[in-house]
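The structure appears below as structure tokens.
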Amino acid sequence: ALHVGCLNGTSLEAVKFVMRSKKDLVTELDFDKRSALHHAVECACSKIDDSLEDSSDEATDVKSNGKSSNKDYSFVGPLLDVINEICRAAPKMVHVQDSNSGTPLDLVQIAKAKQKPESEEYAQLDRIYQLLSCTSVHIYLQKKKKWEMEGVERRRRQNALSAKEVSGGSKAPESTSLSSGSRSSFSSIQTPKTYDGQSCLMDLSVLEEEDGDVKMDSDITNQEDHAD
């Protein structure tokens with residue numbers, strides 16, 4: 001239900017309801033190994049591309065009628081809200097590859113490559129890219145923090161073991177846990193670039209969980225069966 005809804009541009013309220021009803025759906029993959037985030041991004045990119053075709057038809061009418069026409073991209077905001085909600089719930093999905101080795105970020109980059117950099121369509125697609133990029137940076141910074149803390153712990157254990165061997169004593173190694181002072185050096189993470197002037201309000205605690213939280217949904221035989 002979540003995958004099909006995201007592919008068809010369902011509302012943020014509907015996405016939140018489904019995610020509350022079955023939290024695992026946000027990390028499940030269909031038989032194309034695509035997540036709900038893949039489908040939400042694809043939907044947004046497709047609608048922006050469709051708006052270009054519609055505007056081309058309108059441009060023809062403008063020339064014949066002599067009237068000016070402004071493109072309306074108000075539909076992009078709600079689609080971004082859906083993408084942001086999924087990123088907050090499952091940030092790691094931004095790096096998940098589908099059966100064609102494409103991540104949600106790849107989908108946006110492909111769509112941007114088809115547009116002129118000075119076009120409004122490119123700018124709208126870049127809003128999606130900035131959101132996904134923001135999420136990706138958050139993940140990297142959290143992993144970097146974890147790696148640095150593990151490195152400090154490893155060095156402390158090695159130093160304690162070396163000191164014990166040199167002294168020849170039986171004194172147990174010092175505690176390898178980080179002191180509050182040491183921890184504080186890793187506690188402040190710079191806020192990465194935001195999208196639309198807003199911060200990525202994801203719960204970074206979900207990144208503390210073990211990897212392997214992405215799973216295939218063997219029950220998804222075809223997406224239409226889940227439309228209900």
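Each residue takes its place number in the sequence, starting with 1. Computed from a predicted model, the values in this text were never measured in an experiment. All values below come from the heavy atoms of this structure, side chains included, with hydrogens, waters and symmetry mates left out.
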*Going from CG on Leu132 to CZ on Arg127, what distance comes out if it is rounded to the nearest 0.5 angstrom?*
13.0 Å
*N-O pairing of Glu148 and Lys144 below 4.0 Å*: yes
_Under a 3.5 Å cutoff, is there a donor and acceptor pairing between the side chains of His38 and Ser35?_
yes
*In Å and rounded to the nearest 0.5 Å, what is the CD1 to NZ distance from Ile86 to Lys16?*
12.0 Å
*Are Leu125 and Lys114 close enough that some pair of their side-chain heavy atoms sits under 4.5 Å apart?*
no
_Leu37 CG to Thr135 OG1 distance, which is reported to the nearest 0.5 Å_ = 8.0 Å
*Between atom CG of Asn84 and atom CG of Leu79, what is the distance when rounded to the nearest 0.5 Å?*
12.5 Å
*Thinking salt bridges, do Lys71 and Glu121 make one under a 4.0 Å N-O criterion?*
yes
*Supply the atom-to-atom distance Gln124 CD to Asp49 CG, rounded to the nearest 0.5 angstrom.*
13.0 Å
*How far apart are the closest heavy atoms of Arg34 and Leu107, and which atoms are they?*
NH2-CD2, 3.5 Å
*Heavy-atom closest pair, residues Ala36 and Cys6*: O-CB, 3.6 Å
*asked:* Evaluate Gln130 against Asp126 for side chain to side chain contact (heavy atoms under 4.5 Å, CB included), listing each step before the verdict.
replied: CA-CA 6 Å; Gln130 292 298 336; Asp126 194 57; 3.5 Å; yes
*Of the non-hydrogen atoms in Ser11 and Val82, which two are nearest, and what is the gap between them?*
C-CG2, 4.2 Å
*asked:* Working note: Ser21 + Phe17, criterion side chain to side chain contact (heavy atoms under 4.5 Å, CB included); need CA distance, chi angles, decisive distance, verdict.
replied: CA-CA 6 Å; Ser21 301; Phe17 175 79; 3.8 Å; yes
_Closest contact, heavy atoms only, Gln97 versus Thr103_ = CG-CG2, 3.7 Å
*Can you check whether Cys134 reaches His138 side chain to side chain, under 4.5 Å on heavy atoms?*
yes
*Between atom CZ of Phe31 and atom CG of Asp98, what is the distance when rounded to the nearest 0.5 Å?*
15.0 Å
*Given side chains that start at C-beta, do those of Asn8 and Val4 come closer than 4.5 Å, heavy atoms only?*
yes
*asked:* Surrounding CZ of Phe75 (heavy atoms of other residues, nucleotides or ligands, distance under 6.0 Å), is the total greater than 12?
replied: yes
*Apply the side-chain contact (heavy atoms from CB on, under 4.5 Å) test between Lys146 and each candidate in Met149, Glu150, Lys143; give the one that qualifies.*
Glu150
*How far apart are the C-alpha atoms of Gln115 and Ile48, what are their side-chain angles, what is the distance that settles it, and do they pass the side chain to side chain contact (heavy atoms under 4.5 Å, CB included) test?*
CA-CA 11 Å; Gln115 307 296 337; Ile48 292 173; 5.8 Å; no
